[in-house]
Amino acid sequence: AQSVTQLDSHVSVSEGTPVLLRCNYSSSYSPSLFWYVQHPNKGLQLLLKYTSAATLVKGINGFEAEFKKSETSFHLTKPSAHMSDAAEYFCVVSDRGEYGNKLVFGAGTILRVKS
Amino acid sequence: NAGVTQTPKFRILKIGQSMTLQCTQDMNHNYMYWYRQDPGMGLKLIYYSVGAGITDKGEVPNGYNVSRSTTEDFPLRLELAAPSQTSVYFCASSYGIAGTPDTQYFGPGTRLTVL
């Protein structure tokens, strides 16, 4: 079975500084990986996804993630944090089910942005 | 498009009561999913469906039932509510291409408390 581990439950940065949210995955085959964001009391929104094309994936709102097979990592980065980036972020791997692909979520990382 | 809609937004149940969480999507998606989200645990898949009349268990199906009689609707039924079912429930849908991990679109969630 596929799994993901988000290495930090909370990350705190100052506005204008870089963001790094770390994710390691475990997969017995070439994985498909996603980052989703959840703002307080809202549903989840897709930030970006990797599906075995380019290893550097660009998403919405200036976020990007790099797939590194040798390190089994898929870390999320952003050059400059904005107050509106404060949210919970989920690293997700796609697992093959009987009928199709199911998503397996990490535990989440809460990003706090200080002014 | 309204996307994925869920009702109700909030509900308090007494132990042993029953209720149905409603989910509707207007994107003509084939696949639909139910997740529960507990603090610090990410999202866990309860049930999913790949089309009308076809459902399958996810990671945590005990205590829940689903049906899928139409493409648009995927209700989740709790028969005998227990405190362990206190959680936030998310419905999601995706187009669903066999063998392809496509993007899931999430509803705003239903916050359920069982006392």
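Keep in mind that what you see is a predicted model, and the values were worked out from it rather than measured. So that the names make sense, note that chain A is the first sequence line, chain B the second, and so on, each numbered from 1.
Cluster membership check: I60(A) shares its hydrophobic cluster with M83(A), using side-chain heavy-atom separations under 4.5 Å among Ile, Leu, Val, Met, Phe, Trp and Tyr. Hydrophobic clustering places I54(B) together with Y31(B) (ILVMFWY residues linked when any side-chain heavy atoms are closer than 4.5 Å, directly or through intermediates). Under the 4.5 Å side-chain contact rule for hydrophobic residues, V66(B) and F106(B) do not share a cluster. By the criterion of side-chain heavy atoms lying less than 4.5 angstrom apart, applied directly or through intervening Ile, Leu, Val, Met, Phe, Trp or Tyr residues, F10(B) is not grouped with I12(B); the two fall into different hydrophobic clusters.
At a 4.5 Å heavy-atom cutoff, the contact between Q37(B) and chain A is made by side-chain atoms alone. Contacts between L46(A) and chain B at a heavy-atom distance below 4.5 Å involve the side chain alone, from C-beta outward. Residue Y105(B) does not touch chain A at all, counting heavy-atom pairs closer than 4.5 Å. Heavy atoms of L45(B) lying under 4.5 Å from chain A belong exclusively to its side chain. Looking at Q6(A), there are no atoms closer than 4.5 Å to chain B (heavy atoms on both sides), in backbone or side chain.
By the 4.5 Å heavy-atom criterion applied to side chains, T103(B) and Y36(A) are counted as neighbours.
More than 12 heavy atoms of other residues, nucleotides or ligands sit less than 6.0 Å from atom CE of M27(B). Residue-environment remark: CG (L7(A)) exceeds the threshold of 12 foreign heavy atoms within 6.0 Å.
Counting heavy-atom pairs under 4.5 Å between each of G42(B), G58(B), P39(B) and chain A puts G42(B) at the top.
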Would you sort out whether Q38(A) and F90(B) count as a side chain to side chain contact (heavy atoms under 4.5 Å, CB included), showing the intermediate values? CA-CA 12 Å; Q38(A) 183 181 29; F90(B) 288 99; 3.1 Å; yes
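Atom CG in L103(A) sits 9.5 Å away from atom CG in L43(B) (nearest 0.5 Å).
By the side chain to side chain donor-acceptor pair (under 3.5 Å) test, E88(A) is found to be paired with no residue, residues two or more places apart in sequence or in another chain being considered.
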